[in-house]
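One structure is given here, and the rest of the page talks about it.
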Amino acid sequence: MTWFLENADRIGDLTVRHLWLSVLPVALGFLIAVPIGWWAQRHARLGAVVLGTGSILYTVPSLPLLVILPGVLGTSFLDPANVVVVLTLYAVALLVRTAADAFAQVPRDVVDAADATGHSAVQRALRVELPLAGPVLLAGVRVVSVSTVSLVTIGALIGVANLGSLFTEGYQRGFTTEIVIGLGTVVLLALALDAVWVLLGRLLLPWARGARAGG
């Protein structure tokens, strides 16, 4: 506790950095993956290729990507943008399949009714399909959010400051307290972000609670 209090300012700064590196990739991944997933669900053959590519992409180890990307993007080795790009790729890889599954669960008669009332494809997707797919999309975002909070710590291995820095420094110094505090803070941050997603879901998708209660 003494070490924690003495280093509270630095831990707070690392927490803010970690939070930014966690939230931005999830938000970007969601914005990219949802339209791709919607398209993939409507085009079965090519969609299967896209979904398969996403699954393969997620198996690529993050550390080699973090080493290669500066040369591809023209960024410095310690630029946090490298971490954001890698984690955004992972978020897209996971959320594309979730989005395709979410849109596939929208009842066909509802889609037909939207077509019959004159909705264009874009209007139907935004006004009808997206709200109904929302609960499944939210569940996917929660999973990706927790995963991303964990993956951000890898950035510390290449010198990008975040809560993972407490792991690497504690390990180098043989100081267990720093490692434990870093681990605990990462877990608390993941739980806090998950709670935020749940709250946002209740505010933005009130019909989902009604559906669960009715089910």
Side-chain angles (χ1 to χ4, degrees), residues 19 21-60 62 65 84-152 187 189-215:
L19 179 64
L21 290 171
S22 301
V23 172
L24 186 58
V26 175
L28 292 174
F30 181 84
L31 293 175
I32 296 170
V34 168
I36 295 176
W38 176 79
W39 180 89
Q41 187 273 327
R42 293 173 57 83
H43 302 81
R45 291 186 179 179
L46 291 177
V49 175
V50 172
L51 297 180
T53 302
S55 299
I56 294 172
L57 178 62
Y58 193 72
T59 65
V60 178
S62 57
L65 281 178
V84 172
V85 171
V86 169
L87 297 185
T88 299
L89 290 175
Y90 285 157
V92 171
L94 288 176
L95 285 174
V96 161
R97 183 169 293 279
T98 299
D101 292 341
F103 287 115
Q105 293 180 20
V106 176
R108 186 64 208 177
D109 56 344
V110 174
V111 175
D112 292 340
D115 288 337
T117 54
H119 286 73
S120 67
V122 174
Q123 288 173 331
R124 187 187 66 219
L126 295 177
R127 297 177 181 176
V128 179
E129 295 178 275
L130 184 59
L132 292 176
V136 178
L137 288 173
L138 176 62
V141 167
R142 291 177 61 189
V143 172
V144 173
S145 177
V146 172
S147 171
T148 303
V149 170
S150 175
L151 287 171
V152 167
V187 172
L189 183 61
L191 293 174
L193 271 180
D194 188 59
V196 170
W197 289 120
V198 171
L199 178 60
L200 285 176
R202 290 179 178 176
L203 293 174
L204 299 176
L205 306 169
W207 54 88
R209 282 183 291 167
R212 285 195 297 270

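In terms of the side chain to side chain contact (heavy atoms under 4.5 Å, CB included) criterion, residue partners of Thr88 (sequence neighbours excluded) are, by chain and number, Pro25, Leu28, Ile32, Val84, Val92. Scanning for ring-ring contact (aromatic ring centres under 6.0 Å, His included) contacts around Phe30 gives an empty result, with sequence neighbours left out.
Taking CG from Leu189 and OG from Ser150, the interatomic distance works out to 11.0 Å, rounded to the nearest 0.5 Å. Residue Ser145 holds its OG atom at 12.0 Å from CG of Leu94, rounded to the nearest 0.5 Å. For the atom pair CG (Leu151) and CG (Leu21), the distance works out to 12.0 Å, reported to the nearest 0.5 Å. Note that CG of Leu65 and CG of Leu89 are 7.0 Å apart. Values are rounded to the nearest 0.5 Å. Rounding to the nearest 0.5 Å places CG of Leu95 at 8.0 Å from CG of Leu137. Interatomic distance, CG of Leu132 versus CG of Leu205, reported as 10.0 Å (0.5 Å rounding).
Across all non-hydrogen atoms, the minimal contact from Ala99 to Val34 is CB-CA, 4.0 Å. Here the closest heavy-atom approach between residue Val26 and residue Ala91 is recorded as CA-CB, 4.5 Å.
Counting only residues at least two apart or on different chains, the salt bridge (Lys or Arg N to Asp or Glu O under 4.0 Å) pairs with a member in residues 136-148 are Arg142-Asp194. Every pair tested for salt bridge (Lys or Arg N to Asp or Glu O under 4.0 Å) that includes a residue from residues 38-54 fails, sequence neighbours excluded, so the list is empty. For the side chain to side chain donor-acceptor pair (under 3.5 Å) condition, the pairs that include at least one residue of residues 120-141, sequence neighbours left out, are Trp38-Glu129, Asp115-Arg124, Ser120-Gln123, Arg124-Glu129.
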Between side-chain atoms of residues 101-110 and protein atoms elsewhere (two or more places apart, or another chain), which donor-acceptor pairs fall under 3.5 Å?
from, atom 1, to, atom 2, distance (Å)
Arg108, NE, Asp112, OD1, 3.1
Arg108, NH2, Asp112, OD1, 3.2

Step by step, work out the side-chain contact (heavy atoms from CB on, under 4.5 Å) result for Val128 and Val111. CA-CA 8 Å; Val128 179; Val111 175; 5.7 Å; no
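The backbone N or O of Ala113 sits less than 3.5 Å from a side-chain atom of Thr117, completing a donor-acceptor pair. Tyr90 places a side-chain N or O within donor-acceptor distance of the main-chain N or O of Val60, the cut-off being under 3.5 Å.
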